[in-house]
Amino acid sequence: MQRESAGSLRSTDIGRRVRLAGWVHRVRDHGGVLFFDLRDRSGICQIVVSPTDAASAAASRLRPEWVIAVEGTVRTRQEGAKNAKIATGEIEVSDVALEVLSESDVPPVLPSANDVPDEAVRLRYRFLDLRREEMQRNLALRHRVLQATRRYLDAAGFYELETPMLTRSTPEGSRDFLVPSRMQPGAFYALPQSPQLFKQLLMVSGFERYFQIVRCFRDEDLRADRQPEFTQIDIEMSFAQQEDVLSLAEGLTKSLVAEAGWDLSLPLKRLTYKDAMARYGSDKPDLRIPLEIIDLGTLADAFDTPLIQGALAAGGVLRGLRAPGGAALSRKQWDELGREIERFGVKSVPYVIRDADGLRGSLAKALQPQAQDALIGALGLAVGDAAAILAGEDEKVSLALGVLRLSFADRFALRKPGHRFLWVTDFPLMEWSEEEGRAVSRHHPFTHPNPADLGRLEDEPLAVRAQAYDLVLDGVEVAGGSIRIHERLLQERIFKLLGLTEEETRNKFGFLLDAFRYGAPPHGGVAFGFDRLIMLLAGASSIRDVIAFPKTAKGTDLLTGAPAEVAKAQLEELRLREMPPEEAKR
RNA sequence: GGAGGCGUGGUGUAGUGGUUAACAUAUGUGCCUGUCACGCACAAGAUCGCGGGUUCGAUUCCCGUCGCCUCCGCCA
């Protein structure tokens, strides 16, 4: 007899003899009649065993998480015993034959429990944690979106091509995971941070449209939305302009989010990097928050305080941000807000509060009385609102207000329901790295500059815009990409600006530059952070909740115990030796 | 690298410088014929993460350490 899904039985199945198999979810033993819920991937179904049934003795032995097979008859539940809360609540399976396939110890993570155990316990017993309905749902969604990706891109003429996982370390970007080579002692493979160079080579090779659902590796510190290995939907297209890539990515996004029941209307909103920073203080603004940063430059003269006047004299800006209901913030809370933006060189948050009598607050005294109404109007302050007002260097003021914007949203629950996508375009090509004392690529060194800015590449490199774009969803970067440089000479100019010597570039990227000598098509692409996207679609608060076997914040796997020491013989084979701690210190 | 939070029966929590560490659930036994987070009774179950210090006495206070989480730095 063919096995069926427990969760898919309905009243239309009444009278049928069925065979089910799965896990014992909950047992309700009344001494006489006994009920239990049988759970499989599809859901749960109530099995009823009468004291006169042959299976009665076996049923009373059943415990949670035993694996059993059941053969029985689907029947309607008695009137008044139907359960509208579950999909199979109209029916039950009776007159059963029971077979225990596997017993279970008392499980540390009980899939039927309401309380979710501590995450360390969940990760240690991940195979049990994954039985929980939430995790089953998340990974099922992940599966569906993966399949939708393949369907969409295949239909759009993309080849799914694979690239090496054992590759070479390249400069720029994040720290590599290294794999020592046995056959080339002293040499190392690197696991790919992304298949960037390979997908460009595939364009040179004439495949025209490539995609890959690919694991990427970055040896950096973890976050709720960052794992050392993660999955990208990697896409590259030849003979494509930025518009072609954006439009492809939008179409794909629409079909992917539809798997979660989201309806997306295209085209998506767009914002330049410059505007995003000015209006939201972030290159990945959360547009669910109905707050915008306001430039107060025209009111600058109304503030009689050296802090503001000094900042403006130094070429700075004056900007404010409304905090709806912010009058309720205590002195202590303003201090907390100040600590959140300390890293931008702000010592405390100057603010004003509008109450029934007018403005008060740390900055109100410095404001000329006749300018009060103008300030209230500019910031849109209602009675009960407050506003943070910062003066200083453009980028720092923006970023600081961007942080406050998020903080206000948290404190006053300002985020509107629903979801907001947007493209952020025209990123700067390069940015200054204090640490390295040179310009570094903001995206990666193969990003094509905006053709309109090519003339000032050497003179004002930091002002050059890139043909690079990010897709942002609710304040999270879910995809990013660029048009690539396919001209060898331009690529060499960029390397030079980045301070990479010819020898270095030949050594590290020679193969790519070589390839570009033999007819490289213009090309560009985009990569989706797949786990993050699923996290947002699933409404999960951590990327770990959409990955079957994730790592902890310290990069360990509590299930397998990785990373672990290896046998001396393995190290010898690789000609590796542990460095004494005192030597490793420096 | 830095900051913060958490760590108490299997699990989730409460709690206290002082007798026997409480509750829920899970577990075991018994009772129970329509439950669905079934119910009732009884029982068993805890080196209060680990190490050190303060104290007559520490699960509680202090220091260190380990583990988990969050954030900053970092992550093209």
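We use all heavy atoms of the structure for the numbers below, so side chains are in, but hydrogens, waters and symmetry mates are not. Below, chains carry the letters A, B, ... as their sequence lines are ordered, and counting in each starts from 1.
Using N1 to N3 plus N6-O4 or O6-N4 for Watson-Crick, or N1-O2 and O6-N3 for G-U wobble, each under 3.5 Å, B:G64 pairs with B:C50. Pair assignment for B:U27 gives B:A43, based on Watson-Crick or G-U wobble hydrogen-bonding distances that are each under 3.5 Å. Nucleotide B:C56 has B:G18 as its partner under the Watson-Crick or G-U criteria, with both atom distances under 3.5 Å. The partner of B:G4, taking Watson-Crick or G-U wobble pairs whose two distances both stay under 3.5 Å, is B:C69.
Contact annotation for A:V440: no contact, since no heavy-atom pair falls under 4.0 Å across all strands. Using a 4.0 Å heavy-atom cutoff across all strands shown, A:R75 reaches at least one base atom of the nucleic acid. Nucleic acid contact class of A:P51 (heavy atoms, under 4.0 Å, all strands): base.
Here B:C75 presents its C1' atom at 12 Å from CZ of A:F177, a figure rounded to the nearest Å. Regarding A:Y125, its OH atom lies at a distance of 12 Å from the P atom of B:G12, rounded to whole Å. Look at NE2 on A:H444: it is 15 Å from P on B:C75, rounded to the nearest Å. A:F217 places its CZ atom 20 Å from the P atom of B:C75, with the value rounded to the nearest Å. Straight-line distance from the CD atom of A:Q227 to the C1' atom of B:C69: 13 Å, rounded to whole Å. Rounding to whole angstrom units, CG of residue A:L34 and P of B:C36 are separated by 14 Å. What separates NE2 of A:H25 from P of B:A26 is a distance of 12 Å, to the nearest Å. Here the C1' atom of nucleotide B:G10 and the CG atom of A:L110 are 10 Å apart, to the nearest Å.
Among B:U11, B:C36, B:G73, the nucleotide with an atom closest to any side-chain atom of A:R226 is B:G73.
Remark: the backbone N or O of A:S94 is not paired with any side-chain donor or acceptor of A:R75 at under 3.5 angstrom.
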For nucleotides 45-51 of chain B, which of its nitrogen or oxygen atoms have a protein nitrogen or oxygen under 3.5 Å away, and what is each distance?
none

Mind listing the N/O atom pairs, protein and nucleotides 38-41 of chain B, below 3.5 Å?
from	atom 1	to	atom 2	distance (Å)
B:C38	OP2	A:R28	NH1	3.2
B:C38	N4	A:D29	O	2.4

Show the distances under 3.5 angstrom between N or O atoms of the protein and N or O atoms of nucleotides 1-5 of chain B.
from	atom 1	to	atom 2	distance (Å)
B:G1	O6	A:D221	OD2	3.4

Write out a two-atom table: protein N or O, nucleotide N or O from nucleotides 64-68 of chain B, distance below 3.5 Å.
from	atom 1	to	atom 2	distance (Å)
B:C68	OP1	A:T552	OG1	3.3
B:C68	OP1	A:T556	OG1	3.0

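Residue pairs satisfying the side chain to side chain donor-acceptor pair (under 3.5 Å) criterion with at least one member in residues 42-52 of chain A, sequence neighbours excluded, are listed as follows: A:R28-A:Q46, A:D40-A:S42, A:Q46-A:E92. Residues in residues 102-132 of chain A take part in no ring pair (Phe, Tyr, Trp, His ring centres under 6.0 Å) pair, two or more places apart or across chains.
Here the separation of B:G9 from B:C48, taken at their P atoms, is 9 Å to the nearest Å. If you take atom P in B:G12 and the same atom in B:C68, they sit 15 Å apart, rounded to whole Å. For the P atoms, the distance linking B:G73 with B:A37 amounts to 46 Å, nearest Å. Separating the P atom of B:G5 from that of B:C42 is a span of 42 Å, rounded to the nearest Å. The C1' atoms of B:U8 and B:G15 are separated by 9 Å, rounded to the nearest whole Å. The gap from the P atom of B:C75 to that of B:C63 amounts to 34 Å, rounded to the nearest Å. A gap of 45 Å separates the P atoms of B:C36 and B:G67, to the nearest Å. Across the P atoms, B:A58 and B:G51 are found 14 Å apart, a figure rounded to whole Å.
Ring planes of A:F509 and A:F495: parallel class, angle under 30° (limits at 30 and 60°).
By the side chain to side chain donor-acceptor pair (under 3.5 Å) test, A:Q212 is found to be paired with A:T163, A:Y210, residues two or more places apart in sequence or in another chain being considered. By the side-chain contact (heavy atoms from CB on, under 4.5 Å) test, A:S348 is found to be paired with no residue, residues two or more places apart in sequence or in another chain being considered. In this view, A:W23 satisfies the ring-ring contact (aromatic ring centres under 6.0 Å, His included) rule with no residue, not counting sequence neighbours. Residues passing the side chain to side chain donor-acceptor pair (under 3.5 Å) test with A:R61 are A:E103, sequence neighbours excluded. Evaluation of the salt bridge (Lys or Arg N to Asp or Glu O under 4.0 Å) rule for A:E477 yields no partner, not counting sequence neighbours.
Contact check for A:R218 versus A:R226: no side-chain heavy atoms found under the 4.5 Å cut-off. Contact of the A:I47 side chain with the A:D37 side chain is not registered, since no non-hydrogen atoms from C-beta on lie closer than 4.5 Å. At a threshold of 4.5 Å between non-hydrogen side-chain atoms, the residues A:R442 and A:D283 count as touching. A:L498 is listed as a side-chain neighbour of A:I494, based on a closest heavy-atom distance under 4.5 Å. The closest side-chain heavy-atom distance from A:F198 to A:V214 is not below 4.5 Å. The closest side-chain heavy-atom distance from A:Q232 to A:P195 is below 4.5 Å. Between A:Q196 and A:T170, the closest side-chain pair of non-hydrogen atoms is not below 4.5 Å.
Judged by distance alone with a 3.5 Å cut-off, no donor-acceptor contact links the side chain of A:R343 to the base of B:C72.
Residues A:A113 and A:V48 both approach RNA chain B. Their nearest nucleotides, taken by heavy-atom distance, put A:A113 toward the 5′ side. Mapping A:S194 and A:A224 onto RNA chain B via the closest heavy atom, the residue that lands nearer the 5' end is A:A224.
Using a cut-off of 4.0 Å between Lys/Arg side-chain N and Asp/Glu carboxylate O, A:R544 and A:D129 are scored as not salt-bridged. For A:E229 and A:K551, the salt-bridge test passes: some basic side-chain N is under 4.0 Å from an acidic carboxylate O.
Looking at A:V245, A:L429, A:T447, A:D470 one by one, the single match for side chain to side chain contact (heavy atoms under 4.5 Å, CB included) with A:S482 turns out to be A:T447.
Contacts with RNA chain B (heavy atom under 4.0 Å) in residues 76-90 of chain A: A:R77, A:Q78, A:A81, A:K82, A:N83, A:K85, listed by number.
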